Each structure stands twice: as C-alpha cells, then as structure tokens.
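A short worksheet on the structure shown next.
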Protein chains: 2
Amino acid sequence: MDTTQRTDQQRSADRRRRELLEAADRVVLRDGPQASMNAIAAEAGITKPILYRHFGDKGGLYAALAKRHTDALLDSLRAALDAPADRRERVESTLDTYLAAIEARPQVYRFLMHPAEGSAGGDQGFDVGKHSAPLLRRMGEELAQVIEERVDLGPGSQQLARVWGHGIVGMMHAAGDWWLGERPCSRAELVRSLADLLWGRLAAAGDRMGGPGF
Amino acid sequence: MDTTQRTDQQRSADRRRRELLEAADRVVLRDGPQASMNAIAAEAGITKPILYRHFGDKGGLYAALAKRHTDALLDSLRAALDAPADRRERVESTLDTYLAAIEARPQVYRFLMHPAEGSAGGDQGFDVGKHSAPLLRRMGEELAQVIEERVDLGPGSQQLARVWGHGIVGMMHAAGDWWLGERPCSRAELVRSLADLLWGRLAAAGDRMGGPGF
DNA sequence: AGACTCGGGTTACCGCTAGTAACATCGCAT
DNA sequence: ATGCGATGTTACTAGCGGTAACCCGAGTCT
C-alpha cells in the first residue's frame, strides 16, 4: 500500500533526521557555533551531501537545531510564568528559570543567541532567517501575550504589553549575558535586583547629591 | 632625527589607517557585516595584505571600525544622560537618542550588534560572555556608573547599579531592535512606554481577572 | 530471469573566504 | 652608489558552504 510504505519511509527519514540533529547537537555543544558541516557529518558517521539533503543548507540545520532548544526553554519559561502565585513571585521564578538554563548550558545559550553569521565561507547572498536571534523575539512575543492577558494596563494595553514584553526579555537577556561572563553575584541576587528594577525601585530612589534633579 | 622621522611615518600611517577605515565603513554600510576583506581592500584601492598589516586580522579591523561608531554613539548618549534635567526627563532623552541613532543608520546598528563571529579555522578558543557585542557591554557599564553616581540606592548600591545598567541597556536594545523591525508605533510612544516600565507601572498595575494573584 | 526506477551514500569538485609568504619597488639617510 | 625600511603586489595555502555526478542495493514491472 502506498500509505504504509510512505509512512515507513517517512519514519525512517524522521529517525535519520533526529539522529543527525543529535550528532549536530553534540558537535555544536563541543565546538560552538563555528561547527562546520563537515565536522557534523563526520560526527554523524556520514558525509556532507546527506546533511544537505535533509536540511537544505546550514541555516536550515541550525534553524532545526535552534527550534528544539528554543521550544524546550520556552516550555519551562511558560511553566514558571503560569504558576499559581502572585505576580512578583512569578516574575522572579521566570527570571530564575531563564538564568538557571543559561547557566547550566552556556554553549547552548550562546548558540541560540548567535546562530547566523556563520563566520567564513560562501554564505554570501542571502541571510537565512533574520539576523537577530529568533529566541529573543519569541520570548518577547510570548511574554507580551501573558502580560496582556493577565495585567490590566488600561487603554493601549496591547501595544504597551508588546513593548514591555520585548523590553523585559531584553533586560533579562543582557543582564544574564553580562552575569554569565563576570559572575559578580549569585543568581538569586541577580534575580532580586532585576525584579526590584521592574518593581519601580529606580523611580522610587532619591537623588544622591544635590544635583540637577529636583 | 629619530623623533621627527617617527612622527612623520606615524602620521602617514595614521592617515592611511583612517582612509582604510573609511573605505571599510563604506563597504560595510553597503554589504552589511558580510563584507569581505577583498571587497574592502578593493574599495580602498589596494590589496588584502595591506589591510592585514594595519589591522592584524578581520577581527582587528572590525574592532577598530566598531570602536569609532561606538565612541560616537556613547558620546551622544552621555550628553543626553548628563543633561541638567530631572531623572525621568534624562532617561527619556537618552532612550530617544539611542533610538534615533539606530533609526537613522540601521546598517551601522546591525553591524555593531553582530560584529564578531569571524575567524575561520585555527582558533577554537572562545569564552562565553566575551564575544557578545561590546557596544552593549560598554553602554551597560557606563550607565551603571552614572546610576551609581547619581542615584541613591542604599547598601549594595554598586552591584545593584551594575545589574540595572546592563539590564536597562538590554531592555532598550531589545525593544529597539524589535521596534526597528516592525515599527508598531512612533518613537515617542516607544520611549514613553519604556520609561513607564522603568517607572514601575508594571508593579502598580492591577491584575486583569480574578486570577491567582491578589 | 532481466531491465528499471529510486532512495541513501560517496567522491570529487566549484567558488568563495581569511590569512600568508615571497617578491618587487620606492624614498631616504649615510 | 648602497643599504634599509616601509609600501605594495602576486601567488599561494587551507578550509569553508554547497553541488554535480556517479554508485549501489532493494523492490517492482514485464
């Protein structure tokens, strides 16, 4: 029958695809985003053209790889964000989830944030995917949705929620990136500091000297 | 005499260097960060090895190029940040300065945010955290310094200021990047929304439905 | 049986890149 | 004139992403 045959083939293809993705994962984890198609193929025990048959081009492979990790991370973030707790607690928990993830697997994190720009080689012509990390965009959009659903922002709430979504995600990301490099404090302290920022402590603080402020 | 000779040579070398940088600038502005050394050399009317004599490698050239723009942008940001006005006004003005800059020359902005990733072959030694866009780091550090100088944050202020510096810069960056791509609102609205976020409107807003929060 | 397509696989190649070694050339101080 | 150092070029290496061409074993049709 056509269908069974087709499903068989598709199954086998999917299995191969998963195997290749796992091999690619290993190599990217080891070599960073500079991992070459040759190296990935070698790790998978096959040769380049097969990779290209499965993923089209390097961008395709990287996109597939990124989607896996992105989906996984977004799942845990959603869980933290949707927990039955008050807002501050949810915010802190979400921040901590994100930071714990990038702390646990910095290589993955680095790969997700700078996937394109594949160094040298013939990637001239068209940039696959956007230049910016899709993970940030997706997190921003999801957070925007949650904010709009759960926080009462008055008129213009939708637009405001989107700005805030992307802004808060960017804050988390930049602070996390810096923290991961310098480790100037514990994760819990970082989470608290960021939540304090979001909770308006900047606006509430007084000026230091009798400067130009009021 | 040694000194005069040296200064003469150095002057000429500096002039060349500046010419090369301007040529590189033109190419990068036209071709994006994918600009090749060959193309840059051609634009400057010379050949590759000269570029390498002046800048070491591609990373060196890009770093020099980035430093110029980064310095220029930081100067205008500092001006906005140090203006004699109250805090909210300064914050809005700084946000607006940044957003106006990336709006006016998006190519430069894209280049500054994704400069590195070069280096084919040999070097596989890279530390997580160091490779991120230096512009963000510098902005974060500068902002941290200003915050610590001018805002009274009580004990632990230095560390808190640094977290906030990087966090706020990241917020600005991510929101700006998203805004630049989608243009969902005017620049002024974006500035206002972000300032509102920093001013604690998130904490002040009520829950939408009778959800788990109180 | 025998020809025939077809999916998975490999070799060998293209055009491009970053980076370098070796050679040529000009200006200049002794 | 002669050596020297900076400036410049040609010609090359090594490696990349990506592709064309071939190859082979398994199932199918006649």
Side-chain angles (χ1 to χ4, degrees), chain A residues 1-2 4-20 23-24 27-28 31-63 65 115-129, chain B residues 1-20 23-24 27-28 31-63 65 115-124:
Chain A
M1 303 188 183
D2 272 350
T4 50
Q5 265 192 356
R6 267 194 188 168
T7 51
D8 270 9
Q9 283 174 191
Q10 199 149 346
R11 265 196 188 186
S12 134
D14 278 6
R15 249 182 49 200
R16 266 293 180 274
R17 193 186 158 93
R18 228 172 290 157
E19 288 174 17
L20 298 186
V27 176
V28 164
D31 298 353
Q34 303 293 344
S36 79
M37 294 298 262
N38 252 327
I40 294 174
E43 170 73 27
I46 44 105
T47 49
K48 269 194 301 178
I50 304 184
L51 281 182
Y52 284 94
R53 285 227 247 273
H54 274 270
F55 301 102
D57 63 352
K58 193 180 185 176
L61 202 176
Y62 275 38
L65 212 51
E117 315 279 343
S119 78
D123 60 334
Q124 60 138 19
F126 48 91
D127 36 345
V128 178
Chain B
M1 306 181 185
D2 272 350
T3 46
T4 50
Q5 261 192 0
R6 268 194 186 168
T7 52
D8 269 10
Q9 283 174 191
Q10 200 148 346
R11 265 198 189 185
S12 134
D14 278 6
R15 249 181 49 201
R16 264 292 179 274
R17 194 186 158 93
R18 227 172 292 156
E19 287 174 18
L20 298 186
V27 177
V28 165
D31 298 353
Q34 302 293 343
S36 80
M37 294 298 261
N38 252 329
I40 293 174
E43 170 73 27
I46 45 105
T47 49
K48 268 194 301 178
I50 305 185
L51 282 182
Y52 284 95
R53 283 226 247 275
H54 274 269
F55 300 102
D57 63 350
K58 192 178 185 176
L61 201 176
Y62 274 38
L65 211 52
E117 312 276 345
S119 75
D123 67 333
Q124 53 192 9

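Every heavy atom of this structure was used, including side-chain atoms; hydrogens, water molecules and symmetry mates were not. Here is how names work: the chains are called A, B, and so on, in the same order as the sequence lines, proteins then strands, and each is numbered from 1. The structure presented is a predicted model; accordingly, all values stated were derived computationally and were not measured.
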To the nearest angstrom, the CD1-C1' distance between B/Ile46 and C/dT25 comes to 17 Å

One should read off an interatomic distance between B/Ile50 CD1 and B/Ile40 CD1, to the nearest 0.5 angstrom, of 13.5 Å

When rounded to the nearest 0.5 Å, the distance separating CG of A/Leu61 from CE of A/Met37 is 5.0 Å

To the nearest 0.5 Å, atom CD1 of B/Ile46 lies from atom CZ of B/Arg53 at 10.5 Å

Separation of D/dG8 atom P from B/Leu51 atom CG, nearest Å, is 11 Å

(request) Determine: side-chain N/O of A/Thr47 to OP1/OP2 of C/dG9, distance under 4.0 Å, yes or no. (result) no

Using a heavy-atom cut-off of 4.0 Å across all strands, would you classify A/Ser36 as base, sugar-phosphate, or nothing?
sugar-phosphate

Here the distance between atom P of D/dG17 and atom CD of A/Gln34, to the nearest Å, is 9 Å

B/Asp31 CG to C/dT17 C1', in whole Å, measures 14 Å

Quick note, A/Pro49 side chain, CB onward, closest among D/dT19, D/dT9, D/dC16 is D/dT19

- Task: Record whether the side chain of B/Lys58 comes under 3.5 Å of the base of C/dG19 through a donor-acceptor pair of N or O atoms.
- Result: no

A/Glu19 CD to C/dG8 P, in whole Å, measures 12 Å

Whole-Å distance, A/Lys48 NZ to D/dA21 C1', equals 15 Å

Whole-Å distance, A/Arg53 CZ to D/dG18 P, equals 15 Å

In short, B/Pro33 meets B/Lys58 closest at the heavy-atom pair O-NZ, 4.4 Å

Between CG of A/Asp57 and P of D/dC16 the distance, given in whole Å, is 17 Å

Short side-chain N/O contact from A/Arg16 to OP1 or OP2 of C/dG9, under 4.0 Å: yes

